[in-house]
Amino acid sequence: MQKTVLITGANRGIGLQTAMELAKREFRVFVGSRDPRSGADAAAKVGSNADLLVIDVADSESISAGTRALADKTDRLDVLINNAGIYPDRGVSVLDVTRARMVETFQTNTFGPIEVTQACLPLLRKSAAARVINVSSGYGQLDGLSPSVASYCLSKLALNGVTIMLDRALRNERISINSVCPGWVRTEMGGADADRSVEEGASTIVWLASEAPASLSGKFFRDRKEIPW
Ligand code: NDP
């Protein structure tokens, strides 16, 4: 049976690369994008196995409209990839970061993944073995917290907490949930100097969505290996 995947923020960067690779593996791909135009372009690039799903993960109404539209298109979701993210505070010290900046970052990077997962649960529960993948960062590791990237680091640290909690809450169901760090990747976020291509950045996400043992859950991965929180 053809597997289904929703990837948030799949109109560019690591999300788009992941969408293209999973389409090659015969997944039906729901290309999540808050912007319909770039989302439609991305879905066309992904190919005939792709559908655009308009979803802004920082907006509760958009999440509920998007997941209602998803339920009209499929009766089951096998994989949810919470990939959308923002990195607005390069060089903003924890000594100066504003409450408004922290709220903005958490809305997308932390609260979004919780709410999208909640909204997708009815469809995930219909899968024989569902997987949720939270795209986190080494900046969210306890020893990776940088005082000059304050809101981003805190939001990814908290996202890892979301992974731990959802794993505990869903332990008795056939749903695995993990965090992944893609490494430093050449995207708009990572910049041109980053040491990894988008293919390398997407690799562990694609593995977790497809070939990784379904028994792996409640863990943090980079390069297909478990890493410390
Ligand atoms: P990009 O900046 O290239 O892409 C980010 C994506 O997220 C875009 O599609 C963007 O959409 C989308 N997005 C942002 N806010 C929202 C929102 N509110 N709702 C829906 N979509 C949204 O980043 P990357 O591809 O590099 O990053 C992907 C993930 O990987 C992120 O979670 C990031 O934190 C993580 N990561 C990246 C690293 C890197 O070096 N690149 C390192 C570690 C982690 P739009 O085009 O509309 O802005």
Side-chain angles (χ1 to χ4, degrees), residues 6-21 29-43 45-46 52-67 70 80-90 103-117 119-120 132-141 144-146 149 151-160 162-163 178-206 208-209 220-223 227:
L6 167 61
I7 306 166
T8 64
N11 54 305
R12 60 186 169 93
I14 295 169
L16 174 57
Q17 183 64 31
T18 303
M20 293 197 292
E21 301 209 12
V29 181
F30 294 98
V31 173
S33 174
R34 60 179 164 176
D35 171 36
R37 195 182 295 177
S38 62
D41 290 347
K45 268 189 216 149
V46 175
L52 166 64
L53 196 82
V54 176
I55 186 161
D56 180 339
V57 307
D59 177 344
S60 298
E61 279 180 22
S62 173
I63 292 173
S64 60
T67 47
L70 181 65
L80 166 64
I81 303 179
N82 287 308
N83 165 77
I86 56 171
Y87 179 45
D89 54 358
R90 201 177 313 237
V103 169
E104 179 199 357
T105 310
F106 270 72
Q107 289 290 5
T108 299
N109 293 3
T110 315
F111 306 150
I114 299 181
E115 200 172 8
V116 173
T117 306
C120 288
V132 177
I133 299 158
N134 288 331
V135 183
S136 183
S137 169
Y139 268 147
Q141 281 183 288
L145 297 173
S146 163
V149 191
S151 79
Y152 183 82
C153 287
L154 288 172
S155 73
K156 295 294 191 181
L157 175 69
L159 177 62
N160 285 345
V162 171
T163 299
N178 292 292
S179 281
V180 56
C181 167
W184 187 25
V185 182
R186 290 187 294 279
T187 60
E188 278 183 41
M189 184 184 292
D193 294 336
D195 56 10
R196 292 188 177 198
S197 64
V198 275
E199 289 83 355
E200 290 166 320
S203 161
T204 299
I205 303 171
V206 170
L208 279 172
F220 193 12
F221 291 94
R222 183 192 294 126
D223 296 330
I227 58 172

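In each ligand, atom 1 is the first atom listed, and ligand 1 is the first ligand listed.
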- Which of the atoms of ligand 1 are close to Ile55, meaning less than 4.0 Å from one of its heavy atoms? 19 (N), 20 (C)
- Just jot down the ligand 1 atoms closer than 4.0 angstrom to any heavy atom of Ile86, in number order. 14 (C), 15 (N)
- Separation of Leu70 CG from Ile55 CD1 (nearest 0.5 Å): 8.0 Å
- In the protein, which heavy atom is nearest to atom 23 (O) of ligand 1, and how far is it? Met189 CB, 3.4 Å
- Could you grab the distance from atom CD1 of Ile133 to atom CZ of Phe221, nearest 0.5 Å is fine? 10.0 Å
- Message: Among residues at least two apart in sequence or on other chains, which ones pass salt bridge (Lys or Arg N to Asp or Glu O under 4.0 Å) with Glu104?
- Response: Arg101
- Task: Without swapping roles, check the side chain of Arg196 against the backbone of Trp184 for a donor-acceptor pair under 3.5 Å.
- Result: no
- Part of Lys156 with heavy atoms under 4.0 Å of ligand 1, whether side chain, backbone, both or neither: side chain
- Applying a 4.0 Å heavy-atom criterion (strictly less than), which segment of Thr108 is in contact with ligand 1: side chain, backbone, both, or neither? side chain
- Item | ligand 1 contact by Ser136, heavy-atom criterion under 4.0 angstrom | yes
- Message: Parallel, tilted or perpendicular: which one describes the rings of Tyr152 and Tyr139, with boundaries at 30° and 60°?
- Response: perpendicular
- Item | Gly183 to ligand 1, any heavy atom closer than 4.0 Å | yes
- Please identify which atoms of ligand 1 are closer than 4.0 Å to at least one heavy atom of Ser137. 43 (C), 44 (C)
- Message: Any donor-acceptor pair under 3.5 Å linking the side-chain atoms of Asn11 with those of Ser38?
- Response: yes
- Message: Ignoring hydrogens and geometry beyond distance, is a side-chain donor-acceptor pair present between Ser203 and Glu200 at under 3.5 Å?
- Response: no
- Message: For Thr8 and Ile81: C-alpha separation, side-chain torsions, deciding distance, then whether side chain to side chain contact (heavy atoms under 4.5 Å, CB included) applies.
- Response: CA-CA 6 Å; Thr8 64; Ile81 303 179; over 6 Å; no
- Around atom 12 (C) of ligand 1, find the nearest protein heavy atom and jot down its residue, atom name and distance. Gly9 CA, 3.8 Å
- Message: Between ligand 1 and Pro182, can you find any atom pair, the residue atom being a heavy atom, that is separated by under 4.0 Å?
- Response: yes
- Just which atoms of ligand 1 are under 4.0 Å from any heavy atom in Ala58? 18 (N)
- Criterion side-chain hydrogen bond (donor to acceptor under 3.5 Å, both in side chains) against Ser179, the qualifying member of Asn160, Asn134, Asn82: Asn160
- Message: Show me which atoms of ligand 1 lie under 4.0 Å from any heavy atom of Gly190.
- Response: 40 (O), 41 (N)
- Item | Option nearest atom 15 (N) of ligand 1 (shortest heavy-atom distance, choices Arg222, Arg34, Gln17) | Arg34
- Atoms of ligand 1 under 4.0 Å from any heavy atom of Asp56, numbered from 1 in the order shown, are 17 (C), 18 (N), 19 (N)
- Query: If hydrogens are left out, which of Gly85, Ser33, Ala10 has an atom nearest to atom 7 (O) of ligand 1, that is, the closest non-hydrogen atom?
  - Reply: Gly85
- Mind checking whether Trp184 has a heavy atom under 4.0 Å from ligand 1? yes
- Message: Any heavy atom of Tyr139 closer to ligand 1 than 4.0 angstrom?
- Response: no
- Would you mind checking which non-hydrogen protein atom is closest to atom 22 (C) of ligand 1, with the distance to 0.1 Å? Ala84 CB, 3.5 Å
- Query: What is the closest protein heavy atom to atom 40 (O) of ligand 1, and at what distance does it sit?
  - Reply: Val185 N, 2.8 Å
- atom 19 (N) of ligand 1: closest protein heavy atom, distance to 0.1 Å, is Val57 N, 3.0 Å
- Query: What is the closest protein heavy atom to atom 32 (O) of ligand 1, and at what distance does it sit?
  - Reply: Asn83 O, 2.7 Å
- Query: Is a side-chain donor or acceptor of Asn83 paired with a backbone partner of Gly9 at a separation under 3.5 angstrom?
  - Reply: yes
- Closest protein heavy atom (residue, atom, distance) for atom 34 (O) of ligand 1: Tyr152 OH, 2.7 Å
- State, to 0.1 Å, how close Leu6 and Cys120 come at their nearest heavy-atom pair, and which atoms those are. CD2-SG, 4.0 Å
- Query: Between Lys156 (side chain) and Leu145 (backbone), is there a donor-acceptor pair under 3.5 Å?
  - Reply: no
- Query: Taking only heavy atoms of Val135, which atoms of ligand 1 are found under 4.0 Å from at least one of them?
  - Reply: 29 (C), 30 (O), 32 (O), 35 (C)
- Just which atoms of ligand 1 are under 4.0 Å from any heavy atom in Gly13? 3 (O), 25 (O)
- Thr18 side chain to Val206 backbone, donor-acceptor under 3.5 Å: no
- Residues at least two apart in sequence or cross-chain that pass salt bridge (Lys or Arg N to Asp or Glu O under 4.0 Å) with Glu188, listed by chain then number, are Arg12
- Query: Ser33 side chain to Pro36 main-chain N or O, any donor-acceptor pair under 3.5 Å?
  - Reply: no
- Do me a favour and list the nearest non-hydrogen protein atom to atom 2 (O) of ligand 1 with residue, atom name and distance? Arg12 NH1, 3.0 Å
